[in-house]
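Numbers here simply count residues along the sequence, with the first being 1.
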Amino acid sequence: MSMNPDANIRRMATVVRDSNDAITIQDFEGNITAWNRGAAQMYGYSEEEALQMNIDLLTPPGKLAEQRDFIRRLIAGETITSFETQRLTKNGRVLDVWLTVTKLMDDDGKPVGLASTERDITTRKRAVEEMVVASEIRYRRLFETAKDGILILDAETGMVVDVNPFLIKLLGFSHEQFLGKKVWELGFFKDIVANQANFAELQQKEYMRYENKPLQTSDGRQVEVEFISNVYLIGKKKVIQCNVRDISERKQIERQLASAMATVQRSNKDLEQFAYVASHDLQEPLRMVSSYTQLLAERYGDQLDEKAKKYIDYAVDGAIRMQRLINDLLTYSRINTQGVIPKLTDSHSVLGEALRNLSAAIEENRAIVTNDDLPVVRADASQLMQVFQNLISNAIKFRRADDAPRIHVSVKNLGHEWCFSVKDNGIGIDSKYAGKVFVIFQRLHTSQEYPGTGIGLAMCKRVVERHGGRIWFESELDKGSTFYFTLPK
């Protein structure tokens with residue numbers, strides 16, 4: 001036998017009466033059958049008053065139809081658990097309320113009424129609305145003062161709904177000439193078909209960027225712009241914001257830079273060609289000077305005094321040094337043009353080859369060369385060998401007179417690059433010469449003190465920079481030097 005519906009409702013009322021939440025129970029006619037302390041505090045009606053009322057008295061006139069439709073849908077079996085509505089208090093104040101609704105059933109499963117927990121969200125909603133208003137004010141201020149053009153479009157139709165002052169000034173069209181037109185109908189877009197296609201693509205991708213379509217101003221000038229479009233959801237409506245940045249000056253600088261780079265490349269090519277021709281053409285006369293000077297010494301040596309023989313030695317030595325200098329200059333000029341494309345290279349093997357080439361100097365100077373395990377790197381193996389060879393050769397050459405050269409080659413993994421180091425115990429370098437060390441032909445010692453052309457470190461620098469790396473050194477007089485260079489991964 002089923003329980004009396006009124007008894008069921010009264011039992012529920014007893015459970016909720018003392019809750020601090022606003023809880024009301026009503027039948028499907030809207031008559032309030034239970035009213036707790038929380039509801040009394042929220043709406044201002046006592047329990048005795050409320051139990052004589054219909055829920056319509058708590059419903060603003062504009063919400064009556066919604067209230068009745070809500071009850072009808074629940075009776076029809078629709079599931080509605082939570083929704084936002086409005087309620088009237090006893091003193092006529094309108095509250096924004098969030099309802100959580102439970103349908104009450106008797107023991108036979110027949111719906112007999114509704115229980116709802118009601119939460120006042122007026123303060124929170126007003127705070128949110130105030131935040132939205134403040135946000136809109138801030139956005140409007142940014143919109144009006146932005147140093148980029150901003151165009152707002154309806155995402156479905158492409159109709160312009162707003163435009164900021166910067167874009168109006170940039171293109172010279174009035175505010176009225178923008179509004180109400182589809183974006184491809186605006187005068188500054190000359191290719192209507194292409195822009196309709198772009199709009200269709202933007203609707204699909206919801207993001208587009210380009211800077212290869214100059215816009216036309218009202219007086220016929222071309223303005224190069226970066227055009228970025230994004231689709232945003234505002235409430236339930238999609239809009240498109242187009243940011244338009246004038247990049248005419250940047251493009252002009254890029255063209256000037258490209259032109260300057262082309263000029264530099266032509267100049268470098270001319271210089272490389274000149275270095276090759278000059279070195280090739282200078283080799284022959286130098287060989288003649290050296291050969292004939294030596295023949296002169298051989299055939300007429302017994303007729304020459306010691307001073308004349310010394311002059312001949314100077315001439316031969318000068319010709320040999322000049323020939324070595326020309327060969328080094330030719331090698332230096334070809335670093336960028338005749339190097340192979342960097343590929344995966346075992347730097348440990350490359351170091352071994354450099355040490356074999358230096359074996360005579362190592363043995364003669366009783367040098368001790370040690371190294372860590374070295375990695376596989378992306379490099380031109382021949383040019384990397386030149387770097388190792390030059391750095392180790394310098395470490396042997398610039399040794400201290402009282403100590404055999406000790407040289408150690410190591411490497412550190414810096415994540416995005418390898419950092420190699422070549423450390424020695426030599427004479428060191430005064431820090432005041434830091435700016436000269438890697439400059440071509442800049443020597444810190446005379447050729448009588450230390451032989452060489454002064455091109456070795458400049459060659460190392462050019463090789464490392466060709467590979468996208470850096471080269472530098474740390475040193476202290478009489479305590480040795482450490483040269484570092486990096487190779488990107």
Legend entry - Evaluation steps, side-chain hydrogen bond (donor to acceptor under 3.5 Å, both in side chains), between Thr100 and Thr117: CA-CA 5 Å; Thr100 302; Thr117 302; 5.9 Å; no
Inset, instruction - Indicate the ring-plane relationship of Tyr43 and Trp35, choosing parallel, tilted or perpendicular according to the 30° and 60° boundaries. - result: tilted
Legend entry - Atom pair CD1 (Ile152) and CG (Leu179), whose distance is rounded to the nearest 0.5 Å: 11.5 Å
Inset, instruction - Measure up the Trp472 and Tyr484 rings against each other and bin them: parallel (under 30°), tilted (30 to 60°), perpendicular (over 60°). - result: parallel
Legend entry - Residues Lys238 and Glu156 bridged, charged N to O under 4.0 Å: no
Inset, instruction - Give a yes or no on whether the backbone of Val97 and the side-chain of Thr122 come within a donor-acceptor separation of less than 3.5 Å. - result: no
Legend entry - Side-chain donor-acceptor pair present, Asn425, Lys479, cut-off under 3.5 Å: no
Inset, instruction - Scan for salt bridge (Lys or Arg N to Asp or Glu O under 4.0 Å) pairs involving residues 406-429, sequence neighbours excluded, and state none if there are none. - result: Asp403-Arg406, Glu417-Arg470
Legend entry - ring-ring contact (aromatic ring centres under 6.0 Å, His included): pairs with one or both residues in residues 76-121, sequence neighbours excluded: Phe70-Phe83
Inset, instruction - Go through the steps to decide whether Lys63 and Glu66 satisfy the test salt bridge (charged side-chain N to carboxylate O under 4.0 Å, His left out), and finish with yes or no. - result: CA-CA 5 Å; Lys63 293 288 183 179; Glu66 178 189 274; 3.7 Å; yes
Inset, instruction - Using only heavy-atom distances, determine whether the side chains of Ser229 and Gln241 contain a donor-acceptor pair under 3.5 Å. - result: no
Inset, instruction - Would you mind checking if Arg68 and Asp56 are paired as a salt bridge, meaning a charged N to carboxylate O distance below 4.0 Å? - result: yes
Legend entry - Asp96 bridged to Arg87 by N-O distance under 4.0 Å: no
Inset, instruction - Decide, yes or no, whether a salt bridge links Asp154 with Lys237 under the criterion of side-chain N to carboxylate O below 4.0 Å. - result: yes
Inset, instruction - Before accepting this row, confirm whether a basic side-chain N of the pair Asp380/Lys343 lies closer than 4.0 Å to the acidic partner's carboxylate O. - result: no
Legend entry - ring-ring contact (aromatic ring centres under 6.0 Å, His included): pairs with one or both residues in residues 146-165, sequence neighbours excluded: none
Inset, instruction - From the options Leu384, Val377, Leu355, Leu374, select the one residue that forms a side chain to side chain contact (heavy atoms under 4.5 Å, CB included) with Val350. - result: Leu384
Legend entry - Pair Arg37 + Glu47: basic N to acidic O under 4.0 Å: no
Inset, instruction - Give a yes-or-no answer on whether the side chains of Thr24 and Ser116 include a donor-acceptor pair shorter than 3.5 Å. - result: yes
Legend entry - Short side-chain donor-acceptor distance under 3.5 Å, Arg466 and Gln383: yes
Legend entry - Exercise: do Gln177 and Ser174 side chains pair donor with acceptor under 3.5 Å: yes
